Amino acid sequence: MRSTFEVYNDLKKTDKKVVVNVSPSYYLNKNVDFYPLSSISNSKTVYCNENGYWVIYKSDRFGFNNPDDVWEKKKIEYALIGDSFGFGACVNSPNDIASVLKNLSNKSVLNLSNNGVGPLSQYATLREYLTPGIKKVLWLYYEGNDLMNLNNELSDEILRSYLDDKNFKQDLRENQAKVDNFARNLIEEKKRRELNYIKNFVKLENARGALNKFLPKKNQPNYFEPQLDLYDNLKTVLELTKKLVTENKSQLYFIYLPEYPRYNNNYDNSNYLAVKKIVKDLDIEIIDIHEKVFLRHQNPLNLFPFGLSGHYNEEGYKKVGNTIYNFTKN
């Protein structure tokens, strides 16, 4: 299968403005004085391929995966905030969660999700981009890496400022040109890295085969064991999010998204139970997609691309979107 940059280079031959998606996580702990929380605006954007086709979308004025006119709407039924699962990896519209909700409700949906981000980046994104007139905010929590991402984000000075200073903002809406410039420079840097990677691919593969013999084996697929203070920080982030959303006169829902290893290995539920307890203690309404969708499916692995590890496939996203709609439509 072709790489992202091979597809990007082919498309550039006929469309000079095409770009690739740039995750905000690329700026994490890079000692920058400005931290974008979106990607390049108003551009055809190459994203990913897990289901046998490339996801290519047109970004909106702030670099998110939306039709641009959603920002003109005075009333919005749903705002999504999450990582790549919320963003729509790796399916095209109308098969992502946001599109499913839009079609079922026949109302506007704003997607503020981005790939590679964790809870602190998501809260920061809401601080920067949440608008009045939003009825429901869907916080999409992915059990596969959100705690690990939060652990990494807490050490970033700019992201930490959103947690420590309730008045901190970067005014990202007014600085989209700077966001675009940061991302374009990063794309060029990543292109150079990929060229070097391809040149050394054979050497790398040979070395990896030898190295894997000596790497430690993980006993559990969800091997990350957070310290107690990480749970405390997650609780703080969610508590601040609830306050922010309530002040916006919106209703907050916590959507728990399960990962692939849960259904093909013995799975440690300790993080699952701890996170759900935090959400319940904060009196945030929770929609457990593990219980409501995957456990009720004859073979949960069939909701992933070709039954393999990855994001959800079209059927999986459709079931998730339908379930969210049915629990929030009143």
Side-chain angles (χ1 to χ4, degrees), residues 3-28 32 34-51 53-73 76 78-103 108-117 121-122 124-131 134 138 140 170-191 311 317:
S3 72
T4 302
F5 277 100
E6 286 174 322
V7 175
Y8 164 73
N9 286 329
D10 284 346
L11 291 174
K12 287 279 282 186
K13 295 174 184 177
T14 56
D15 184 355
K16 298 297 183 184
K17 295 182 179 180
V18 70
V19 299
V20 298
N21 175 271
V22 176
S23 167
S25 64
Y26 291 127
Y27 307 106
L28 190 64
V32 292
F34 182 75
Y35 197 108
L37 292 167
S38 63
S39 191
I40 299 173
S41 61
N42 298 315
S43 300
K44 180 189 289 186
T45 308
V46 182
Y47 188 28
C48 59
N49 182 347
E50 287 183 353
N51 289 285
Y53 55 85
W54 280 93
V55 173
I56 300 173
Y57 66 93
K58 176 69 180 296
S59 60
D60 66 22
R61 68 189 66 179
F62 296 122
F64 294 102
N65 186 9
N66 292 296
D68 189 67
D69 63 359
V70 71
W71 293 100
E72 307 296 335
K73 306 294 184 183
I76 293 175
Y78 295 102
L80 277 65
I81 184 70
D83 64 2
S84 51
F85 283 81
F87 190 87
C90 288
V91 296
N92 282 314
S93 174
N95 298 305
D96 57 289
I97 296 173
S99 297
V100 171
L101 289 170
K102 181 179 179 180
N103 291 335
S108 297
V109 177
L110 175 66
N111 194 350
L112 297 175
S113 304
N114 225 315
N115 62 303
V117 300
S121 290
Q122 291 161 205
T125 300
L126 288 177
R127 286 268 294 272
E128 295 284 349
Y129 294 100
L130 188 65
T131 62
I134 293 172
L138 307 178
L140 299 167
Q170 298 182 87
D171 296 319
L172 294 179
R173 285 168 173 258
E174 289 73 37
N175 284 289
Q176 186 60 42
K178 191 171 182 179
V179 172
D180 289 352
N181 187 54
F182 265 53
R184 290 185 188 281
N185 289 338
L186 190 57
I187 288 172
E188 292 304 312
E189 178 186 335
K190 285 173 66 62
K191 275 179 61 178
H311 298 86
Y317 278 121

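For reference, positions follow the sequence shown, starting with 1. Bear in mind that the values here come from a model prediction, so they are computed numbers and not experimental data.
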*Asks:* Mind listing the side-chain donor-acceptor pairs of residues 61-70 below 3.5 Å, one per line with the distance, residues two or more places apart or on another chain?
*Replies:*
residue	atom	partner	partner atom	Å
R61	NE	D68	OD1	3.1
R61	NE	D68	OD2	3.3
R61	NH1	E72	OE2	2.8
R61	NH2	D68	OD2	2.9
R61	NH2	E72	OE2	2.6
N65	ND2	F87	O	3.1
N66	OD1	N111	N	2.8
N66	ND2	D60	OD2	3.0
N66	ND2	N111	O	2.8
D68	OD1	R61	N	2.7

*Asks:* Looking at N115, I40, T4, I187, which one forms a side chain to side chain contact (heavy atoms under 4.5 Å, CB included) with N21?
*Replies:*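 That would be N115; it is the only one of N115, I40, T4, I187 passing the side chain to side chain contact (heavy atoms under 4.5 Å, CB included) with N21.
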*Asks:* With sequence neighbours excluded, tell me which residues meet ring-ring contact (aromatic ring centres under 6.0 Å, His included) with F34.
*Replies:*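 Checked F34 against ring-ring contact (aromatic ring centres under 6.0 Å, His included); matches are F182.
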*Asks:* Ignoring hydrogens, what is the shortest heavy-atom contact between V18 and Y8? Give both atom names and the distance.
*Replies:* O-CE1, 3.2 Å
*Asks:* So which heavy atom on P24 is nearest to which on P36, and how close?
*Replies:*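 Taking P24 first and P36 second, the nearest heavy atoms are CB-O, 3.4 Å.
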*Asks:* Does a salt bridge link K12 with D15, judged by any charged N lying under 4.0 Å from a carboxylate O?
*Replies:* no
*Asks:* Can you check whether V91's main-chain N or O pairs, donor with acceptor, with N95's side chain at less than 3.5 Å?
*Replies:* no
*Asks:* Evaluate the side-chain contact (heavy atoms from CB on, under 4.5 Å) criterion for residues F5 and V20: first the C-alpha distance (whole Å), next the side-chain angles of each, then the deciding distance (0.1 Å), finally the verdict.
*Replies:* CA-CA 8 Å; F5 277 100; V20 298; 4.0 Å; yes
*Asks:* Measure the CG-CG distance between L172 and L37 for me, rounded to the nearest 0.5 Å.
*Replies:*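 So the CG of L172 and the CG of L37 are separated by 5.5 Å.
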*Asks:* Provide the closest heavy-atom pair for H311 versus C90 in the form atom of the first, atom of the second, distance.
*Replies:*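 Shortest heavy-atom separation between H311 and C90 comes out as CB-N, 4.1 Å.
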*Asks:* Quick one: pull up CG in D83 and OG in S121 and give me the separation to the nearest 0.5 Å.
*Replies:* 10.5 Å
*Asks:* Which heavy atom in N175 sits nearest to a heavy atom in Q170, and how many Å separate them?
*Replies:*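 Closest approach of N175 to Q170: ND2-O, 3.4 Å.
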*Asks:* Are the side chains of R173 and T131 in touch, meaning some heavy atoms are under 4.5 Å apart?
*Replies:*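 Answer yes - side chains close enough.
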*Asks:* So, the side chain of S113 versus the backbone of G82: is there a donor-acceptor pair under 3.5 Å, distance only?
*Replies:* yes
*Asks:* Distance-only, no hydrogens or angles: does the E128 side chain make a donor-acceptor pair with backbone N or O of D171 under 3.5 Å?
*Replies:* yes
*Asks:* Working to the nearest 0.5 angstrom, can you tell me the gap between Q122 CD and N114 CG?
*Replies:* 10.0 Å
*Asks:* Does any non-hydrogen side-chain atom of V22 lie less than 4.5 Å from one of Y27?
*Replies:* yes
*Asks:* Got a second to check how far N103's CG is from S93's OG, nearest 0.5 Å?
*Replies:*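 Answer rounded to 0.5 Å: 7.0 Å.
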*Asks:* Counting C-beta onward and ignoring hydrogens, is there a side-chain heavy-atom pair between L80 and I97 closer than 4.5 Å?
*Replies:* yes
*Asks:* Is there a side-chain contact (heavy atoms from CB on, under 4.5 Å) between Y78 and V109 once you walk through the steps?
*Replies:* CA-CA 5 Å; Y78 295 102; V109 177; 4.1 Å; yes
*Asks:* For the residue pair Y47 and I56, establish whether any side-chain heavy-atom pair is separated by less than 4.5 Å.
*Replies:* no
*Asks:* Just so I know, are the side chains of I81 and L140 near enough to count as touching, which here means a heavy-atom distance under 4.5 Å?
*Replies:*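 No, every pair of side-chain atoms sits at 4.5 Å or beyond.
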*Asks:* By the side chain to side chain donor-acceptor pair (under 3.5 Å) test, which pairs, at least two apart or in different chains, include something from residues 34-45?
*Replies:*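 Residue pairs passing side chain to side chain donor-acceptor pair (under 3.5 Å), neighbours aside: S41-D180.
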*Asks:* Ignoring hydrogens, what is the shortest heavy-atom contact between L110 and I134? Give both atom names and the distance.
*Replies:*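 Closest approach of L110 to I134: CD2-CD1, 4.2 Å.
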*Asks:* Is the closest side-chain heavy-atom distance between L130 and T125 below 4.5 Å?
*Replies:* no
*Asks:* Rounded to the nearest 0.5 Å, what's the gap from CG on L11 to NZ on K16? Could you check?
*Replies:*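 Here the rounded value is 11.5 Å.
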